[in-house]
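What follows is a single structure, written as structure tokens, with notes after it.
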Amino acid sequence: MVNITFPDHAVRQFPEGITGLEVAKSISEGLARNILSVKVDNEIWDVSRPIKKDVEIKFLTWDDEGGKATFWHSSAHLMAEAIEAIYPGVKFGIGPHIENGFYYDIDFVDHVISSEDFPKIESKMLELAREKQTFVRKEVSKKDALDYFTRKGDEYKVELLQELEDGQITFYESGRFIDLCRGPHLYDTGPIKAIKLLNIAGAYWRGDETRKQLTRIYGITFPKQKELTDWLILLEEAKKRDHRKLGKDLELFTFSQKVGLGLPIWLPKGTILRERLEMFLRKVQKKAGYQPVICPHIGSVELYKTSGHYQKYGESSFRPITTPVPGEEFFLKPMNCPHHCEVYKSKQRSYKELPIRFSEFGTVYRYEQSGELHGLTRVRGFTQDDAHIFCTTDQVKEEFKGVIDIVMLIFKALDFKDFTTQISLRDKNNQEKYIGSDENWDKAEKAILEVAEESGLNTVIVPGEAAFYGPKMDFLVKDALGRKWQLGTIQVDYNLPERFELEYIGNDNHKHRPVMIHRAPFGSMERFVAVLLEHTAGKFPLWLSPDQAIILPISEKYQNYAEKVFSLLNNSDIRSQIDDRNEKAGKKIRDAELMKIPYMLIVGEREETEGTVSVRKHCEGDLGPRKIEDFIRFVNEEVTKELGDIYL
RNA sequence: GCCGAUGUAGCUCAGCUGGUAGAGCAGCUGAUUUGUAAUCAGCUGGUCGGCGGUUCGAAUCCGUCCAUCGGCUCCA
């Protein structure tokens, strides 16, 4: 007999070798119908796997992440089986579940397939799912496993197998498909009722661009058709929030092939939005003791040789700018830090000055690969809300915390609740990727880890993701389609101060080396605006809206009064415009609603005689008439409420 | 950069198996002087992404280049 402990701490005895499914059945038929997998002592198992010792157990259903993972992983196998049936001889890479669905990397050998082939794969999958094929787990020896895939001619599985240890290799068999797989899987394919293959893409084998590119097919499945339909509707809704679409509709920014790929052009409304954000941060940084500086957009090649950027990125940058002087070269600046080091060096520094914080909205240029460009989130020219803090080793932690506070202030002001914090450390097995001594790296990494611990942030630690000069803490936010983008970043750097021979005179009258903290709480204005657009769906808070109000005269007769209102608003720094088109009020309202302008001020006969405006709020409707001065006060109050103690 | 798809008027899109382009919105002109999500009428506007090729004839077929989209790789 084995003792099985349930989540409510109840313990019951069962015969040894009982399966999760049987345990579930002993509780209720309904539960048994719904479980997809079982968590056994923190490991997720197939429901059909025998339990041979005392364990803790938790049943996983569609409502659990682990349950969905099992469902989608099994769906990947189902897709592979369908594809193998339709295109015999294809070879398989890996096929995991992902956050929403699953994919499988497949070498189609001679076939070229496209999304047009999806329907037939989907219907084959449905056909196989209806056969309720059971997933059978088999432990196999490494030799037998290698024999099988060698005979099958699947070199990818052979490669994966070679890295596994004998004794821990399992196969899963479902229908006519056998896969090397750790599992777990569904009991059978029956619950997979709704299937949608989503897209197709090339993916390098093992993520290595020097190796063969396989065809990756992404898909998603559900236990009910309704859930798939709902999910697809959600996806359509998300696409409407795409910043590239909103940016065009709301006239915020544009791109021009003539100006150049990946070089955003900020239109007047977008410029107001961006300047509002900059103003906000300037105020915050002023309070936090930052000193703005301004540096040129180009820098001598020597600057980047000193910083190490030249050696590291010389080949993948924009080509150097040459001059009539032979041998003289400049680079478009890819980073502001080298310039700021020179700002630091402009005079001798004393420990009494530290920490010194130089800030700059610095526009930088990086030659991103053409396939990487993506709206405003990945561009070749962008403006960082950059700053570099020069401080003593003792001050690092406090300064770092100060930056986290700024990031949190911004996230709070703009209602970003759903973000993740990632700490990127160096890859110790790949030291040639980095510059600087081990000792300095250890110090920097230790500082970040300690701050993270003390700040109480929920962080994810990722080795190998550090910048080449130092470890970092990044704040990531998802876009409308669930793609994660890095916004804020904080990086500790002991290396550049050394390369630039930065010094300060300590209280011991000796020279010391400062530490540098690179930081950008928005990250870049471009990316931040992109994510903000998707987050708000273009419905910006009042303080950010390019147009805070639009004045809608009922007819030409009230044009003069409209102009009077406009001038009063303008004098109070409320951004507005007049819709003086020869259109009816309904049309003007509709257009203003579509442009997501926060307040519509309808003016006609009544308003003119009473000195009022009829206020309509975006998405909410008519708020009734108000004296002009009351509306002005009302707007100012709303802005103050949004910004708290930051006054713009 | 790589894989796949897409590319028709400012925008959104139609155009079957090749017979030299069409709608709605926007814009312009006029009428209307309008009260909380589209007033009416007329008009302008496209060498169908670029360049080559096949054909009597190409938006439509083929090649190539460019751009966009979805991924991969990369991201100081």
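All figures in this text were calculated on a predicted structure; none of them were measured in a lab.
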**Request:** For B:A9 versus B:G50, give the span between their P atoms, rounded off to a whole number of Å.
**Result:**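 Looking at atom P only, B:A9 and B:G50 are 10 Å apart.
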**Item:** C1' gap between B:C40 and B:U34, integer Å
**Value:**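 Their C1' atoms lie roughly 13 Å apart.
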Under 4.0 Å between a side-chain N or O of [X] and OP1 or OP2 of [N]?
| X | N | value |
| --- | --- | --- |
| A:Lys588 | B:A38 | no |
| A:Arg244 | B:G70 | yes |
| A:Arg616 | B:A37 | yes |
| A:Arg590 | B:U36 | no |
| A:Arg483 | B:G71 | yes |

Would you say [Y] and [X] are linked by a side-chain donor-acceptor pair, where the criterion is simply a distance under 3.5 Å?
| X | Y | value |
| --- | --- | --- |
| A:Thr459 | A:Gln422 | no |
| A:Asp105 | A:Trp205 | no |
| A:Glu638 | A:Tyr599 | yes |
| A:Asn582 | A:Glu556 | no |

**Request:** Can you tell me the pairing partner of B:A5 across any strand shown, Watson-Crick or G-U wobble, with both distances under 3.5 angstrom?
**Result:**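 Because both required distances fall under 3.5 Å, B:A5 counts as paired with B:U68.
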**Message:** Which nucleotide wins on minimum distance to the side chain of A:Ala201, given the candidates B:G71, B:A76, B:G1?
**Reply:**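 Of the candidates, B:G71 comes closest.
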**Request:** Remember a base hit wins even if backbone is also touched, and classify A:His374 as base, sugar-phosphate or nothing at under 4.0 Å, heavy atoms.
**Result:**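 Sugar-phosphate only.
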**Asked** Counting any heavy atom closer than 4.0 Å, what does A:Tyr204 reach on the DNA or RNA strands: base, sugar-phosphate only, or nothing?
**Response**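 Answer is base: heavy atoms of A:Tyr204 come under 4.0 Å of a base.
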**Asked** Could you give the CZ-to-C1' distance, from A:Phe500 to B:A76, as a whole number of Å?
**Response**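 Taking CZ of A:Phe500 and C1' of B:A76, I get 13 Å after rounding.
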**Message:** What is the distance, to the nearest angstrom, from the CD atom on A:Glu368 to the C1' atom on B:U68?
**Reply:**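 One finds 18 Å between C1' of B:U68 and CD of A:Glu368, rounded.
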**Message:** Between A:Lys557 and A:Ile589, which residue's closest nucleotide on RNA chain B lies nearer the 5′ terminus?
**Reply:**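 Nearer the 5' end of the strand: A:Lys557.
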